[in-house]
Amino acid sequence: MSKEIQKLSVEDFAIFLGATTQDMPAIVKDIIAKADFKYEILQSEQREQVILQVLKDIEFKNFSKVDSPERKNIWEMAWSDHLNEFVAQNMAEKELEPTFMRQNEIVRLNKNYVKPHTPNFELNYAKVCKTWLFQKYLGEVEAIYEFGCGSGFNLVMLSEIYAHKKMYGLDWASSSVNLVNINAEKHGLNIKGRQFNMLEPNEDLETEENSAFLTIAALEQVGKNYHKFVDFILRRKPKVVINLEPIAEYYDCDNLVDYLGFTYHKKRGYLDGYLSKLRELESQNTIKIIKAEGSRLGGLYHDAYSIVVWTPLP
């Protein structure tokens with residue numbers, strides 16, 4: 001059977017983001033034009049082998065749960081290693097790229113498994129989504145707070161778009177905070193790192209008016225324990241909150257690929273009930289959900305880029 005090569009277009013991304021082509025800024029179209037978004041959908045035996053691998057991994061692999069006691073130490077060590085490598089590589093900003101986006105792997109796209117033409121397919125996909133969100137919702141705020149900022153990779157992206165805005169990187173790992181501050185000093189970025197635990201929010205954290213709160217693949221790590229963080233947000237009343245996260249409510253468990261993603265999501269203990277909680281708050285006129293869009297892409301095991309944009313009401 002001959003391979004059918006397909007390619008994501010501006011129109012595809014507009015659909016994925018719940019937007020129109022007219023709503024896609026030039027900077028986003030430029031990323032799409034320059035990146036290689038070609039792929040082939042896996043067929044018959046190839047697809048069956050991937051499904052079998054995923055099933056076996058979910059059943060037998062010792063995936064750590066996000067609420068396991070050792071997780072904090074794991075992240076502390078991970079960002080410490082990242083910091084050491086960053087310094088060793090003369091603080092090149094490319095070294096901030098997240099290592100959890102594996103290269104040359106099968107990915108999930110539109111409820112199917114596909115083989116990308118390039119190793120950076122997922123990284124570029126995420127870049128399109130993030131750039132669109134940043135352009136769409138952050139233009140009018142004066143300060144941006146990223147919670148669970150890790151290496152500060154997203155804050156560097158933001159600084160390239162909004163060099164004049166104040167940026168704050170918050171993470172529970174001290175090595176992450178050190179990495180953010182060292183990079184900011186080295187490259188003259190308007191970014192400050194500070195320790196913050198979403199499970200036990202620090203009320204001493206001062207947040208500026210007309211600000212945005214942001215989480216990207218970070219809130220997933222709190223599982224069911226997001227309530228204190230949501231309460232913290234409601235007290236601080238930022239202008240906008242953006243979450244780019246795995247959201248369990250979006251899986252269609254009548255679809256095999258989605259059901260496998262949902263099963264993996266549950267096994268890892270990722271974010272659970274968050275969107276439902278936001279919808280409940282909206283029904284109580286406590287918040288307004290501006291946008292909610294399910295992910296169309298993820299890694300081998302689950303979808304990772306669902307969008308929720310919301311704002312606390314007065």
Side-chain angles (χ1 to χ4, degrees), residues 66 71-101 123 126-127 130-131 133-134 137-138 141-222 225-226 228-230 232-233 235-236 238-245:
V66 299
R71 289 297 290 177
K72 187 169 183 179
N73 291 332
I74 288 173
W75 284 112
E76 187 69 65
M77 289 187 293
W79 295 127
S80 179
D81 291 343
H82 214 118
L83 173 58
N84 293 336
E85 183 65 19
F86 177 65
V87 173
Q89 297 297 326
N90 198 29
M91 303 186 195
E93 290 186 346
K94 180 173 174 50
E95 298 301 320
L96 299 176
E97 291 181 1
T99 56
F100 54 80
M101 289 185 184
L123 190 67
K127 187 175 183 181
K130 289 186 285 189
T131 303
L133 284 168
F134 297 164
Y137 297 107
L138 299 180
V141 302
E142 296 175 9
I144 300 169
Y145 296 79
E146 185 186 4
F147 294 86
C149 66
S151 69
F153 176 76
N154 299 311
L155 294 167
V156 172
M157 272 188 66
L158 277 161
S159 295
E160 293 171 354
I161 301 171
Y162 300 118
H164 62 287
K165 294 186 188 294
K166 297 177 182 178
M167 311 276 181
Y168 298 91
L170 302 117
D171 202 288
W172 62 16
S174 58
S175 51
S176 164
V177 175
N178 292 337
L179 180 54
V180 168
N181 286 328
I182 289 171
N183 182 53
E185 183 178 355
K186 167 70 175 179
H187 296 285
L189 303 176
N190 192 17
I191 303 173
K192 294 180 181 178
R194 184 168 176 182
Q195 225 165 345
F196 185 93
N197 186 348
M198 286 187 284
L199 295 172
E200 295 292 340
N202 179 7
E203 294 297 338
D204 293 335
L205 177 70
E206 295 182 2
T207 55
E208 302 188 30
E209 294 183 2
N210 192 23
S211 64
F213 288 5
L214 174 68
T215 73
I216 298 177
L219 196 57
E220 67 175 24
Q221 295 293 320
V222 306
N225 302 310
Y226 50 80
K228 289 183 179 180
F229 183 57
V230 170
F232 171 83
I233 296 172
R235 289 192 295 273
R236 296 307 173 96
K239 182 171 183 178
V240 66
V241 181
I242 297 176
N243 306 123
L244 188 64
E245 302 280 353

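Considering CG of Asn178 and CG of Asp171, their distance stands at 11.0 Å, rounded to 0.5 Å. Taking CG of Asn190 as the start and CG of Leu158 as the end, the distance is 12.0 Å to the nearest 0.5 Å. The CD atom of Glu245 sits 5.0 Å away from atom CG of Leu219, with the distance rounded to the nearest 0.5 Å. In this structure, CD1 in Ile242 is found 12.5 Å from NZ in Lys130, a value given to the nearest 0.5 Å. With rounding to the nearest 0.5 angstrom, the NZ atom of Lys186 is 15.5 Å from the CG atom of Asn181. Between Gln221 atom CD and Thr215 atom OG1 the span is 11.5 Å, to the nearest 0.5 Å.
The backbone N or O of Ile144 sits nowhere less than 3.5 Å from a side-chain atom of Tyr162 that would complete a donor-acceptor pair.
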Output, in order, the C-alpha distance, side-chain angles, deciding distance and verdict of side chain to side chain contact (heavy atoms under 4.5 Å, CB included) for Asn197 and Asn202. CA-CA 7 Å; Asn197 186 348; Asn202 179 7; over 6 Å; no
Decide side chain to side chain contact (heavy atoms under 4.5 Å, CB included) for Leu170 and Glu146; before the verdict, give the C-alpha distance in whole Å, the side-chain angles of both, and the deciding distance to 0.1 Å. CA-CA 6 Å; Leu170 302 117; Glu146 185 186 4; over 6 Å; no
Evaluation steps, side chain to side chain contact (heavy atoms under 4.5 Å, CB included), between Met198 and Lys228: CA-CA 8 Å; Met198 286 187 284; Lys228 289 183 179 180; over 6 Å; no
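In this structure, Ser151 and Leu179 approach most closely via the heavy-atom pair CA-CD2, 3.6 Å. Across every non-hydrogen atom of Leu155 and Cys149, the tightest pair is CD1-CB, 4.2 Å. Taking each heavy atom of Gln195 and Val177 in turn, the nearest pair found is N-CG2, 3.6 Å. Of all non-hydrogen atoms in Val156 and Ile191, the two that sit nearest each other are N-CD1, 4.3 Å.
Between Leu244 and Leu133 the shortest side-chain heavy-atom distance falls below 4.5 Å. With contacts defined as side-chain heavy-atom distances shorter than 4.5 Å, the pair Leu214/Phe134 qualifies. Within the 4.5 Å cutoff, the side chain of Ser159 has heavy atoms near those of the Met167 side chain.
A salt bridge between Lys166 and Glu142 is absent, with no side-chain N of the basic residue lying under 4.0 Å from a carboxylate O of the acidic one. Using a cut-off of 4.0 Å between Lys/Arg side-chain N and Asp/Glu carboxylate O, Arg236 and Glu209 are scored as not salt-bridged.
Environment of CD in Glu208: crowded, with over 12 heavy atoms of neighbouring residues, nucleotides or ligands closer than 6.0 Å. Under a cut-off of 6.0 angstrom, the local environment of NZ in Lys192 is sparse, with at most 12 non-hydrogen atoms contributed by other residues, nucleotides or ligands. By the 6.0 Å contact criterion, CD on Glu206 is open, its count of non-hydrogen atoms from other residues, nucleotides or ligands being 12 or less.
With sequence neighbours excluded, no residue satisfies side chain to side chain donor-acceptor pair (under 3.5 Å) with Tyr145. For the side-chain contact (heavy atoms from CB on, under 4.5 Å) test, residues two or more places apart in sequence or in another chain that qualify with Lys127 are Ile31, Thr131, Met157.
Of the candidates Phe147, Trp172, Phe213, Phe147 is the only one forming a ring pair (Phe, Tyr, Trp, His ring centres under 6.0 Å) with Phe229.
Ring centers of Phe232 and Phe196: under 6.0 Å apart, within the cut-off.
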